[in-house]
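First comes the structure, then the notes that go with it.
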Amino acid sequence: MIIGLTGSIASGKSTVAKMLETYKLPIVDADLVARQVVGPGSNTLQKIAEAFGPEVIAADGTMDRAKVGAIIFHDEEKRAVLNGIIHPAIRAEMIRQRDEHVAKGEQTVIMDIPLLFESKLQHFVEKILVVTVSEDNQLQRLMERNGFSMEEAHARIATQIPVAEKEALADAVIFNNGMLEETAKQLEQILKQWQIIKFTKSE
């Protein structure tokens with residue numbers, strides 16, 4: 001079973017991903033893959049240098065994110081060029097890692113994709129697990145975590161599909177408004193329901 005793990009900003013998806021690690025389930029992490037594909041010497045980084053100039057590669061061979069960010073910040077066309085290079089590379093590497101786990105005989109693979117719905121990657125997975133919080137909690141956590149003003153936090157949240165829509169599209173939802181123990185218990189029940197684990201830890 002290929003499970004897509006997603007949520008919205010400050011929903012606690014990363015917390016649930018860490019909990020899934022304790023079940024020894026293989027995880028394909030989209031954020032990690034995004035860093036891997038632009039690693040020193042990678043084809044993707046070479047394409048970025050060809051598109052934006054050799055100065056976007058730092059002295060240590062890594063991508064100079066500040067320079068790339070400055071180039072695309074006010075230029076929609078250049079941002080589209082960058083996305084056209086990076087996004088296919090990320091998707092191809094995620095599929096490669098997923099298929100590698102399956103080839104090794106893994107019965108369950110978690111694909112941790114923060115923007116699963118926004119990127120229209122539902123076809124990558126068989127079931128979707130959404131981590132969600134109330135709007136008030138989301139706003140509060142984002143302000144505390146990132147030091148945002150209320151306006152900045154609202155603006156970040158507004159760039160994503162509303163939490164309620166994600167909940168409606170999910171096969172299962174974890175409500176991450178309470179204590180960590182409550183979140184862990186919900187996850188355990190879903191894994192049991194989907195027959196990924198036979199018994200809960202409390203049994």
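- For the atom pair CG (Leu191) and OH (Tyr23), the distance works out to 5.5 Å, reported to the nearest 0.5 Å.
- Heavy-atom neighbours of Asp75 CG from other residues, nucleotides or ligands within 6.0 Å: above the threshold of 12.
- Looking at Asp171, its side chain does come within 3.5 Å of a backbone N or O of Ile128 through a donor-acceptor pair.
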Discussion item. Run Ile48 and Val38 through side chain to side chain contact (heavy atoms under 4.5 Å, CB included) and show every step you take.
Written reply: CA-CA 9 Å; Ile48 292 168; Val38 293; 3.9 Å; yes

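- Of the N and O atoms on the side chains of Ser134 and Asp136, not one donor lies less than 3.5 Å from an acceptor on the other residue.
- Using a distance-only test at 3.5 Å, with no hydrogens or angles considered, a donor-acceptor pair links the side chain of Asn176 to the main chain of Ser11.
- When every heavy atom of Asn177 is checked against every heavy atom of Val133, the shortest pair comes out as OD1-CA, 3.4 Å.
- At a threshold of 4.5 Å between side-chain heavy atoms, the hydrophobic network of Ile, Leu, Val, Met, Phe, Trp and Tyr places Leu32 and Ile90 in two separate groups.
- We find the CG-CG distance between Leu20 and Leu25 to be 6.0 Å, quoted to the nearest 0.5 Å.
- Between Arg96 and Glu100 a salt bridge is recorded (basic side-chain N to carboxylate O distance below 4.0 Å).
- Counting heavy-atom neighbours within 6.0 Å of Lys47 NZ, excluding the residue itself, gives a total of 12 or less.
- Under a hydrophobic clustering in which Ile, Leu, Val, Met, Phe, Trp and Tyr are joined whenever their side-chain heavy atoms come within less than 4.5 Å, directly or via other members, Leu5 and Phe117 fall into different clusters.
- The side-chain heavy atoms of Glu77 and Val81, taken from C-beta on, include no pair separated by under 4.5 Å.
- Taking CD of Glu118 as the reference point, atom CD1 of Ile113 lies at 11.5 Å (rounded to 0.5 Å).
- Considering only heavy atoms from C-beta on, Val131 stays 4.5 Å or farther from Phe175 through its side chain.
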Practice prompt. Would you please test Ile2 and Val102 for side chain to side chain contact (heavy atoms under 4.5 Å, CB included) and show each step?
Written response: CA-CA 9 Å; Ile2 311 298; Val102 171; 4.0 Å; yes

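- The distance from atom CG of Asp112 to atom CG of Asp29, rounded to the nearest 0.5 Å, is 4.5 Å.
- Taking each heavy atom of Val173 and Ile190 in turn, the nearest pair found is O-CD1, 4.0 Å.
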Worksheet item: Should Lys185 and Glu182 be marked as a salt bridge (Lys or Arg N to Asp or Glu O under 4.0 Å) after you check the CA-CA gap, both sets of side-chain angles, and the distance that decides it?
Response: CA-CA 5 Å; Lys185 197 170 182 182; Glu182 293 168 33; over 6 Å; no

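- The main-chain N or O of Gln186 is never found under 3.5 Å from a side-chain atom of Gln189 such that the two would form a donor-acceptor pair.
- You'll find the side chain of Ile197 reaches within 4.5 Å of the side chain of Glu188, heavy atoms only.
- Pro40 and Thr62 make their closest contact through CG-CG2, 3.8 Å (heavy atoms, listed as atom of the first residue, atom of the second, distance).
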Discussion item. Show, in sequence, the C-alpha distance, side-chain angles and deciding distance for Leu82 and Phe52, and conclude whether the side chain to side chain contact (heavy atoms under 4.5 Å, CB included) test is met.
Written reply: CA-CA 9 Å; Leu82 182 68; Phe52 300 108; 3.9 Å; yes

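- The number of heavy atoms from other shown groups lying within 6.0 Å of CD (Glu55) is above 12.
- Put simply, NE2 on His87 and CG on Leu121 are 9.5 Å apart, with the number rounded to the nearest 0.5 Å.
- Hydrophobic cluster membership differs between Met111 and Leu129, with clusters built from Ile, Leu, Val, Met, Phe, Trp and Tyr side chains linked at under 4.5 angstrom.
- Ser42 places a side-chain N or O within 3.5 Å of a backbone atom of Val37 that can act as its donor or acceptor partner.
- Scanning all heavy atoms of the two residues, the minimum distance from Phe148 to Leu142 falls at CD1-CG, 3.8 Å.
- No side-chain N or O of Lys166 forms a donor-acceptor pair with one of Thr6 less than 3.5 Å apart.
- Contact between Ala17 and Ile27 at its shortest, heavy atoms only, is O-CD1, 3.5 Å.
- For Gln160 (side chain) and Ile9 (main-chain N/O), a donor-acceptor pair under 3.5 Å exists by modelled atom type.
- Inspection of the Gln97 and Gln36 side chains reveals an N or O donor paired with an N or O acceptor under 3.5 Å.
- Checked for salt-bridge contact, Arg141 and Glu144 miss the test: no charged N lies under 4.0 Å from a carboxylate O.
- What you find for Trp194 and Lys127 is that their closest heavy atoms are CE2-CD, 3.4 Å.
- Side-chain contact between Val16 and Thr183: present, with at least one pair of heavy atoms (C-beta onward) separated by less than 4.5 Å.
- Both Ile161 and Phe124 sit in one connected hydrophobic cluster of ILVMFWY residues. Membership requires side-chain heavy atoms under 4.5 Å apart, directly or through other members.
- Taking hydrophobic clusters as Ile, Leu, Val, Met, Phe, Trp and Tyr residues chained together by side-chain heavy-atom distances below 4.5 Å, Leu169 shares a cluster with Val130.
- Residue Met150 places its CE atom among 12 or fewer non-hydrogen atoms of other residues, nucleotides or ligands, all under 6.0 Å distant.
- Under a 3.5 Å cut-off, the side chain of Thr22 and the backbone N or O of Met19 do form a donor-acceptor pair.
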Practice prompt. Before giving the answer on side chain to side chain contact (heavy atoms under 4.5 Å, CB included), spell out for Ile196 and Ile3 the whole-Å C-alpha distance, their side-chain angles and the decisive distance to 0.1 Å.
Written response: CA-CA 11 Å; Ile196 292 162; Ile3 297 169; 3.2 Å; yes

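- Two residues are said to be in side-chain contact when any heavy atoms from C-beta on lie closer than 4.5 Å; Leu139 and Glu135 fail this criterion.
- Here the side chain of Gln107 pairs a donor or acceptor atom with the backbone of Gly105 at under 3.5 angstrom.
- With contacts defined as side-chain heavy-atom distances shorter than 4.5 Å, the pair Thr44/Ile85 qualifies.
- Taken from CG in Leu45 to CE in Met63, the straight-line distance is 7.0 Å, to the nearest 0.5 Å.
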